Amino acid sequence: MATPTIRELLDLFERHGNSQYGGENVTQLEHALQAATLAEEENASPELIVAALLHDLGHLLHNLPENAPDQGIDDHHENLGYRFACQLFPQAVTEPIRMHVVAKRYLCAIEPDYFSTLSQPSVVSLGLQGGPMNEHEISDFELNPFAQDAVRLRRWDDTAKDPTVKTSPLSHFKKYLSEVAFKRSVE
Ligand code: FE
């Protein structure tokens with residue numbers, strides 16, 4: 001299969017971005033834009049802004065229903081999104097994407113108050129994803145050089161669910177995509 005281009009990546013948002021973000025009051029596109037805007041506001045690196053924008057790309061790549069978790073199905077979207085993004089971007093983008101789900105399991109284990117901040121759909125998917133990490137999983141997670149980036153991304157992910165928030169359009173973030181993508185992917 002040919003390597004996708006940035007244009008094809010943006011097309012995925014245009015074609016599938018209007019679907020609801022699993023049980024939340026925002027669409028997939030709104031969720032992605034809010035997460036990327038939060039990253040930009042915190043002066044994150046271009047790579048991490050791109051990771052924030054694309055962290056749920058996997059949801060745009062599968063045909064499972066939006067309420068799959070309510071049916072007991074883990075869509076493993078972090079792995080789908082990771083594999084797609086690996087064709088276009090370096091590890092500083094793809095590792096936080098791959099780790100954004102386990103970062104939730106990590107935060108539930110190390111921060112006593114974190115669980116109570118999760119939305120109901122996030123609590124449902126947590127159960128399917130393995131629940132809070134055990135001691136062994138915590139030390140493994142912390143050994144990954146991108147662990148703290150994944151935790152930052154996770155916090156933006158958890159916040160990016162506000163239907164009243166206004167963000168920049170998708171086109172605003174194209175400059176970051178072009179800046180951090182492997183050369184062959186840029187149009
Ligand atoms: Fe998300």
Side-chain angles (χ1 to χ4, degrees), residues 9-10 12-42 44 47-71 73-86 89 92-108 111 114-133 141 146-168 170 173 176-177:
L9 178 65
L10 295 173
L12 282 173
F13 280 101
E14 266 148 36
R15 272 186 284 136
H16 305 293
N18 283 330
S19 59
Q20 196 197 1
Y21 176 52
E24 310 281 359
N25 287 323
V26 289
T27 65
Q28 291 288 348
L29 178 60
E30 287 166 341
H31 176 62
L33 293 174
Q34 286 187 29
T37 299
L38 290 164
E40 195 179 40
E41 284 170 359
E42 278 190 27
E47 286 82 358
L48 199 49
I49 294 171
V50 169
L53 183 72
L54 303 182
H55 75 279
D56 279 335
L57 181 64
H59 284 310
L60 309 180
L61 295 167
H62 66 60
N63 294 317
L64 289 169
E66 286 160 10
N67 67 344
D70 292 328
Q71 300 176 31
I73 301 165
D74 181 354
D75 62 12
H76 297 285
H77 70 279
E78 71 277 24
N79 297 327
L80 267 178
Y82 168 76
R83 283 199 292 273
F84 189 96
C86 279
F89 302 107
V93 173
T94 58
E95 281 295 280
I97 292 175
R98 185 179 67 80
M99 296 169 76
H100 83 275
V101 168
V102 286
K104 175 171 68 172
R105 299 184 54 225
Y106 172 73
L107 284 170
C108 282
E111 271 185 18
Y114 176 75
F115 179 82
S116 66
T117 68
L118 293 177
S119 64
Q120 190 50 33
S122 244
V123 170
V124 170
S125 57
L126 174 70
L128 295 173
Q129 291 154 351
M133 282 185 174
F141 178 83
F146 297 101
Q148 287 317 309
D149 282 347
V151 166
R152 290 181 78 191
L153 169 50
R154 183 71 228 179
R155 295 190 197 280
W156 299 323
D157 183 7
D158 292 330
T159 312
K161 301 175 176 181
D162 182 344
T164 66
V165 163
K166 291 262 176 290
T167 65
S168 302
L170 187 57
F173 294 97
Y176 297 113
L177 294 166

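Atoms within each ligand, like the ligands themselves, are counted from 1 in listed order. Please read these numbers as outputs of a predicted model, since none were measured by experiment.
Rounding to the nearest 10°, we obtain 90° for the angle at the Fe ion (ligand 1) between Tyr21 OH and His31 NE2.
Asp157 contributes atom OD1 as its closest N/O/S atom to the Fe ion (ligand 1). Checked against the Fe ion (ligand 1), the N, O or S atom of Asp56 at the shortest distance is OD2.
A donor atom on one side chain and an acceptor atom on the other are found under 3.5 Å apart for Glu40 and Tyr176.
Taking a cutoff of 4.0 Å between a charged side-chain nitrogen and a carboxylate oxygen, Arg155 and Glu111 qualify as a salt bridge. Contact check on Glu24 versus Lys161 returns a salt bridge, with a Lys/Arg side-chain nitrogen under 4.0 Å from an Asp/Glu carboxylate oxygen.
Among the atoms of His55, an N, O or S atom falls under 2.8 Å of the Fe ion (ligand 1). In summary, no N, O or S atom of His100 is located under 2.8 Å from the Fe ion (ligand 1).
Applying the 6.0 Å contact sphere to CZ of Phe115 captures no more than 12 heavy atoms from other residues, nucleotides or ligands.
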Q: Quick one: do His100 and His77 satisfy side-chain hydrogen bond (donor to acceptor under 3.5 Å, both in side chains)? Show the steps, please.
A: CA-CA 10 Å; His100 83 275; His77 70 279; 3.2 Å; yes
